[in-house]
Trainee: 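First the structure, which I've put down as structure tokens, then a few questions once you've had a look.
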Amino acid sequence: MHNLFSEGESRIVRPPSTALVIFGASGDLTHRKLLPALYNLYCDDYLPVNFLIIGASRTRLSDQDFRDSARESVASYSRRELDSEKWAGFSKNMYYQPTDASKESDISELGKRIEALCQGCHRDFNYLYYLATAPRFFAPISANLKKAGLVEDPEQGMRRTSLIVEKPFGHDLESARELNAKLRQNFAESQIFRIDHYLGKETVQNILVFRFANGIFEPLWNNKYVDHIQISFAESIGVGSRASYFDRTGILRDVVQNHLFQILSLLCIEPPISLSDPDSIRDEKVKVLRSVRRLNKEEVAARVVRAQYDKGYINGEPVPGYLQEDGINSGSRAETYVAMRIEVDNWRWSGVPIYIRAGKRLPRRITEITVFFKRPPGMLFRGRQVYDLDYNVLAIQVQPEEGISLRISAKPPGPRLRVEPVIMNFTYGSSFGVPSPEAYERLLLDAMKGDATLFTRDDEIEEAWGILTPVLEVWKQDDAIPLYRYQAGSWGPLEADALLTASGHAWRKL
Ligand SMILES: NC(=O)c1ccc[n+]([C@@H]2O[C@H](COP(=O)([O-])OP(=O)(O)OC[C@H]3O[C@@H](n4cnc5c(N)ncnc54)[C@H](OP(=O)(O)O)[C@@H]3O)[C@@H](O)[C@H]2O)c1
């Protein structure tokens, strides 16, 4: 598959001049993720030579107030320490315009300010609008930008104008379709960059390199050799400051519909025609999602387990149950844990169960993709060994330690012929000796370049919701579907284990 990689960049090309407007500039996402990411891009010389960052939210701040608060955030959250000289160079490009984005007149004023800041060169600047506000503002902001003449036709415009949209993108299939339709009234699909920050993570991007730049794995990457796959997302934290959002959302919507389905689709795609053309990869990802078997009511009951945590202990510390957390409704039925068995019903994957689990207040924070290869016949070793011949297990750890390990069987030293599992390990930190950039760094840079490969296309979002909306509807309509309980600090309810034992499988110990 040499041709897939031959078009790759040999050096980083800086994006063209860009005015980045951040709606929601006084908010948590901007301060914890976006500004530190931009500062790191600046320090690595990846930002455009000419760039402007214009914060826009209702709070009245001066440019200097914005820079001061940004400095504090970067000092707290950046992966590299704040360097005063670098900060001076970076922050002189930062401005702030008080803006109520639901008011057309405010957006017009914002447009004038951007133009003035570009000092007569505004035609040379691409405009990139980042929607870091609550989702209810996504459609109105896009409409107001259009009305204010701040969106150019991608075919005819002088400059590129694009929109980055945060998650959540809808809460079910219908709302996602509606939001797509509203955004497309004002921006073409090629101008819309829907963020799923998992796609900016090095390990997630490495799935493609791992699969298509190594000769040894791809021939095994199918139902002939793969027994089953597990995708696990575990957090030890509870809901924290996101209580009211999470209580309305639940973990299926919060994590599975976006992050875990993105991982699933990259893991299962056919080789795309090219890695440089955003649509080749996204076309293949959509095909995977379209191939996922939709579940009927009986299958939802049998193949999806939902649960909520009770009080327990994490790292020896007592923690409250979900219903006792601040900001949670006392009768809430929001799921804090979900496990499901799905099938990608296509030629390559037919018959390979894919188990997905996601949970809060589990013993540790970890996201891992685990591929279990079929066991070899064991007759040669019968009677000689301590363990049964085990699966070869390929584990791709997405967080917190980014890396890949392979479990193989080997003979321990000594006169007896025995078989024991050993692990071959690769971690990013020790192999490459540099810390991985934050996901938002890569995504912001790609959006400035106009490269949508790592962003979710409209049909991908709709397919992902199409898989989960039947589950959400069954849960809503049928109170008889249990919401199981699990103790905080455990690995989830026993019923989730039963999903796997029926097929002779077990969750990997993480
Ligand atoms: N925080 C995260 O880690 C995170 C992670 C993933 C996704 N997200 C998504 O990112 C978005 C922002 O989340 P957040 O946590 O940053 O929320 P947040 O802290 O509540 O910030 C919301 C921002 O929106 C601004 N805003 C509210 N009404 C506005 C209006 N009419 N016009 C202009 N600005 C307005 C607020 O500032 P003013 O009050 O000054 O207007 C504030 O800056 C949400 O969609 C969220 O789901 C966040």
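What you see is a predicted model, and the numbers here were worked out from it, not measured in a lab. Counting starts at 1 for both ligands and their atoms, following the listed order. All heavy atoms count here, side chains included; hydrogens, waters and symmetry mates do not.
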Trainee: Output the list of atoms in ligand 1 that are nearer than 4.0 Å to some heavy atom of Pro168, sorted by atom number.
Mentor: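 The list of qualifying atoms is 47 (O).
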
Trainee: So that I know where these two stand, are Tyr337 and Tyr309 an aromatic pair - ring centroids less than 6.0 Å apart?
Mentor: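 Ring centroids of Tyr337 and Tyr309 are no less than 6.0 Å from each other.
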
Trainee: Going by distance only, is there an N or O of Asp28 that falls short of 3.5 Å from an N or O of ligand 1?
Mentor: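 Yes, Asp28 has an N/O under 3.5 Å of an N/O on ligand 1.
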
Trainee: Starting from atom 35 (C) of ligand 1, find the nearest protein heavy-atom neighbour and note its residue, name and distance.
Mentor: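 Protein heavy atom at minimum distance: Arg58 NE, 4.1 Å.
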
Trainee: So, do Met448 and Leu128 sit near enough that their side-chain heavy atoms are less than 4.5 Å apart?
Mentor: yes

Trainee: Among Leu264, Leu267, Thr370, Ile342, which one satisfies side-chain contact (heavy atoms from CB on, under 4.5 Å) with Ile229?
Mentor: Leu267

Trainee: Considering only heavy atoms, which of Asp196, Leu34, Asp100 lies nearest to atom 31 (N) of ligand 1?
Mentor: Asp100

Trainee: Minimum heavy-atom separation for Lys86 and Asp83, please, with both atom names.
Mentor: N-OD1, 2.9 Å

Trainee: Tell me, do Phe90 and Leu38 make a side-chain contact under 4.5 Å, heavy atoms counted?
Mentor: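 Yes, at least one pair of side-chain atoms sits under 4.5 Å.
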
Trainee: With heavy atoms of Ser57 as the reference, note each atom of ligand 1 found under 4.0 Å away.
Mentor: 33 (C), 34 (N), 37 (O), 38 (P), 40 (O), 41 (O), 43 (O)

Trainee: Answer yes or no for atom 38 (P) of ligand 1: protein heavy atom present at a distance under 4.0 Å?
Mentor: yes

Trainee: With a 3.5 Å distance limit and no angle check, can you tell me whether Asp44 reaches the backbone of Tyr46 through a side-chain donor-acceptor pair?
Mentor: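 Judged by distance alone, no pair lies under 3.5 Å.
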
Trainee: Taking only heavy atoms of Pro135, which atoms of ligand 1 are found under 4.0 Å from at least one of them?
Mentor: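 What qualifies from ligand 1 is 45 (O).
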
Trainee: Within ligand 1, which atoms have a heavy atom of Thr99 less than 4.0 Å away?
Mentor: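 With Thr99 as reference, the close atoms of ligand 1 come out as 32 (N), 33 (C).
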
Trainee: Numbering the atoms of ligand 1 from 1, which are under 4.0 Å from a heavy atom of Arg32?
Mentor: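 Within the 4.0 Å cut-off of Arg32, ligand 1 contributes 1 (N), 2 (C), 3 (O).
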
Trainee: Do Phe23 and Leu145 touch side chain to side chain, with heavy atoms closer than 4.5 Å?
Mentor: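 With C-beta onward as the side chain, the pair touches.
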
Trainee: Would you say Lys33 and ligand 1 have an N/O pair spaced under 3.5 Å apart?
Mentor: no

Trainee: Hey, looking at atom 44 (C) of ligand 1, which of Asp106, Leu29, Thr133 has the closest heavy atom?
Mentor: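 Among Asp106, Leu29, Thr133, the closest heavy atom to atom 44 (C) of ligand 1 comes from Thr133.
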
Trainee: Side chain or backbone, does Gly24 bring an N or O within less than 3.5 Å of an N or O on ligand 1?
Mentor: yes

Trainee: Give the numbers and elements of all ligand 1 atoms closer than 4.0 Å to a heavy atom of Phe137.
Mentor: 27 (C), 28 (N), 29 (C), 31 (N)

Trainee: Among Leu472, Val471, Asp478, find the residue that satisfies the side-chain contact (heavy atoms from CB on, under 4.5 Å) test when tested with Val300.
Mentor: Val471

Trainee: Could a heavy atom of Phe23 be found less than 4.0 Å from some atom of ligand 1?
Mentor: no

Trainee: Are the side chains of Thr161 and Gln191 in touch, meaning some heavy atoms are under 4.5 Å apart?
Mentor: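 The answer is yes, as the side chains (C-beta and beyond) meet within the 4.5 Å cut-off.
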
Trainee: I need the nearest protein heavy-atom contact for atom 40 (O) of ligand 1: residue, atom name and distance, please.
Mentor: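 Among all protein heavy atoms, the one nearest atom 40 (O) of ligand 1 is Thr59 OG1, 2.4 Å.
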
Trainee: Nearest non-hydrogen contact with atom 46 (C) of ligand 1 belongs to which option: Glu166, Lys167, His197?
Mentor: Lys167

Trainee: Going by distance only, is there an N or O of Gly27 that falls short of 3.5 Å from an N or O of ligand 1?
Mentor: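 Yes, since at least one N or O of Gly27 sits under 3.5 Å from an N or O of ligand 1.
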
Trainee: Give me the ring orientation class for Phe187 and Tyr129: parallel if the planes are under 30° apart, tilted from 30 to 60°, perpendicular past 60°.
Mentor: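 Judged by the thresholds at 30° and 60°, the geometry between Phe187 and Tyr129 is perpendicular.
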
Trainee: Considering the options Asn258, Leu454, Thr367, Leu266, which one meets the side-chain contact (heavy atoms from CB on, under 4.5 Å) requirement together with Tyr198?
Mentor: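 Output: one option passes, namely Thr367.
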
Trainee: Which of the listed options, Ser102, Ser241, Ser26, Ala132, holds the heavy atom that is closest to atom 12 (C) of ligand 1?
Mentor: Ala132

Trainee: Please list, in number order, the atoms of ligand 1 under 4.0 Å from a heavy atom of Ala25.
Mentor: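 Heavy-atom distances to Ala25 below 4.0 Å select 43 (O).
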
Trainee: Is there a side-chain contact between Glu109 and Arg113, using heavy atoms and a 4.5 Å cut-off?
Mentor: no

Trainee: Got Tyr355 and Ile231 here, is their nearest side-chain heavy-atom distance under 4.5 Å?
Mentor: no

Trainee: May I ask whether atom 17 (O) of ligand 1 is less than 4.0 Å from at least one protein heavy atom?
Mentor: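 There is no protein heavy atom less than 4.0 Å from atom 17 (O) of ligand 1.
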
Trainee: Do any nitrogen or oxygen atoms of Ala101 lie less than 3.5 angstrom from nitrogen or oxygen atoms of ligand 1?
Mentor: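 Between Ala101 and ligand 1 (N or O atoms, distance only) the closest approach is under 3.5 Å.
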
